[in-house]
Amino acid sequence: MLVCSGARAENIEHFSNTLANFYLAPSQDAFTVLQKNAEQFKTELKAKGNGADWLVAVMIARISQKYGWPIVDGALGERAREILAGKSPQAKFVADDAQVNPTKLDVWWVSYFATGEERYLENIFQYAGLELPKGDLGKMTVIGAATWSFKSNCRQHQSILEFAKRKLSANHVSERQKQFLRDCIAAAQPRDSAWVTRDGKPVPNSDAMKSVKGFGGWLMTTSDPDWKEKWNTSPETVPELHGASRVDYGKRLTILTFYSNPQVDAAGSIKVLCDIKLMRPDGNVPLAQKGIECAAGKLQGNPLNTRLSAAVIDFIGEDGDPPGVWRVEVSLTDKVRNVTVPLKTEFTLNPRPSRKAQ
């Protein structure tokens, strides 16, 4: 993969980012600027000695070939024209996907960043995550480079992460590569905490909200009668629900169980089980259920979105219910990840007003 660095780190890094993200917003003006910057930095690129200048020429050729935009005059522009002509040994190497070595992986990467065409990702994925063969140093090098670069770019590019998620559900992918894809997807969300503040800082674990190995659970008690309407918003937003820790007889209190960042299986599906226990102030247990399927099926959208589980408890204090502190315990188990998050919270059923107070 092309990585630019050097004494003029700021300018070179900016240029490198431009190259790696060109496919996201391609335009002829951006292509012209890219070529001018390439000529400006051609000395630094050549001095790296790893073919960085030639890879930029490949990228220029791919962009021009896809969009029909003109190549500007210059040393790298001339090399790009030679690649398009297809007559030189280097041009034939670029065009021949049967010739595979670590340099060809770099060619495929810059071709993807130039065009956004997934056929180049397919080429790279043929080798990513495979078992290293014994006694074949050339193939070992290709597999190692493909594995490292694919996983690295999953962390840096949302489009490659989405490609990895789609490949995970493909029937023809081996179990070894599927496990590699799971690792890539997990690495793209490396934080241990599934819950973060608005500025991206991990939320410290508490009894009611915690994460275990990246899987998060959250218990919330609310007295909002319209919590369902508030919840039915876009999946990327968390509605403003009002917490409540006390409730009067005859009034409704709802305990909601949320989860975040469940692991997907080879088919792209999740399975979350719940154990639920409700305890009265006197220690009696009016509700105890285990192994409830609280969430299952294909995971849609960002795994880190906050999701509501099926473990929703409605409580209304009735005659015979003792006042005092009631305890709720819910354990969420991510079956694919094999991780359990134990949660607990409390609320108080207020004593009935005395006749004198009434």
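This structure is a prediction, so every number in the text was calculated from the model and none was measured. Sequential numbering from 1 along the given sequence is applied to the chain's residues.
Put simply, CG on D321 and CD1 on I316 are 10.5 Å apart, with the number rounded to the nearest 0.5 Å. Atom CG of N338 is separated from atom NZ of K213 by 8.0 Å, given to the nearest 0.5 angstrom. Distance check: I160 CD1 to K165 NZ gives 13.0 Å after rounding to the nearest 0.5 Å. With values rounded to the nearest 0.5 angstrom, N350 atom CG is found 12.0 Å from K251 atom NZ. Here the CD atom belonging to Q263 is positioned 14.0 Å from the NZ atom belonging to K335, to the nearest 0.5 angstrom. Note: I255 CD1 to L219 CG = 8.5 Å, rounded to the nearest 0.5 Å.
Remark: K104 is positioned above the aromatic ring of F93, its terminal NZ or CZ atom under 6.0 angstrom from the ring centre and at most 45 degrees off the axis. With Y249 as the aromatic partner, R352 meets the cation-pi criteria of under 6.0 angstrom to the ring centre and within 45 degrees of the ring axis.
Using a 4.5 Å heavy-atom cutoff, the side chains of Y67 and F31 are not in contact. A heavy-atom distance below 4.5 Å is found between the side chains of W326 and L278. Side-chain atoms of L349 and V247, non-hydrogen and from C-beta on, do get closer than 4.5 Å to each other. Residues N21 and H157 form a side-chain contact, since some pair of their non-hydrogen atoms from C-beta on lies under 4.5 Å apart. Considering only heavy atoms from C-beta on, L34 comes within 4.5 Å of I60 through its side chain. Annotation: side chain of R280 is not in contact with side chain of V285 (no heavy-atom distance under 4.5 Å).
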Any chance you could lay out the side-chain contact (heavy atoms from CB on, under 4.5 Å) test for T345 and D207, step after step, and finish with the verdict? CA-CA 7 Å; T345 190; D207 287 343; over 6 Å; no

Can you list the steps and then say if K344 with E329 is a salt bridge (charged side-chain N to carboxylate O under 4.0 Å, His left out)? CA-CA 4 Å; K344 60 183 178 181; E329 294 182 358; 5.7 Å; no

Steps toward salt bridge (charged side-chain N to carboxylate O under 4.0 Å, His left out) verdict (K42, E39): CA-CA 5 Å; K42 66 178 183 288; E39 290 299 323; 3.7 Å; yes

Show the numbers, then the answer: is there a salt bridge (charged side-chain N to carboxylate O under 4.0 Å, His left out) between R337 and D334? CA-CA 5 Å; R337 189 187 263 113; D334 182 341; 2.8 Å; yes

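Under the 4.0 Å criterion applied to side-chain N and carboxylate O atoms, E82 and R79 are not assigned as salt-bridge partners. Between E122 and K167 there is a salt bridge, since a side-chain N of the basic residue sits under 4.0 Å from a carboxylate O of the acidic one.
Counted by atom type alone, S149 and W109 present one or more donor-acceptor pairs between their side chains at under 3.5 Å. No hydrogens or angles considered: a donor-acceptor pair under 3.5 Å links the side chains of S111 and R62. There is no side-chain donor-acceptor pair under 3.5 Å between Q179 and R176. Side-chain atoms of T32 and Q28 include no donor-acceptor pair closer than 3.5 Å.
In this structure, N205 contributes its side chain and S211 its backbone to a donor-acceptor pair below 3.5 Å.
A ring-centre distance under 6.0 Å is not found for Y120 and W108. Aromatic ring centres of F15 and F41: separated by under 6.0 Å.
Atom NZ of K178 has more than 12 heavy atoms from other residues, nucleotides or ligands within 6.0 Å. Counting heavy atoms of neighbouring residues, nucleotides and ligands inside a 6.0 Å radius, atom NZ of K66 exceeds 12 of them. Counting non-hydrogen atoms of neighbouring residues, nucleotides and ligands closer than 6.0 angstrom, the CZ atom of R252 reaches no more than 12 such neighbours. The neighbour count for K298 NZ, taken as heavy atoms of other residues, nucleotides or ligands under 6.0 Å away, is above 12.
Residues F215 and S260 share a closest heavy-atom pair of CD1-O, 3.3 Å. Closest heavy-atom contact between I143 and L132: CG2-CD2, 3.6 Å.
Not less than 2.5 angstrom separates the SG atom of C154 from that of C184.
Relative ring orientation between F125 and F163 is described as perpendicular, the plane-to-plane angle rising above 60° on a 0-90° scale split at 30° and 60°. Taking the six-membered ring where tryptophan is involved, the planes of Y112 and Y23 are tilted, since the angle between them lies from 30° to 60°.
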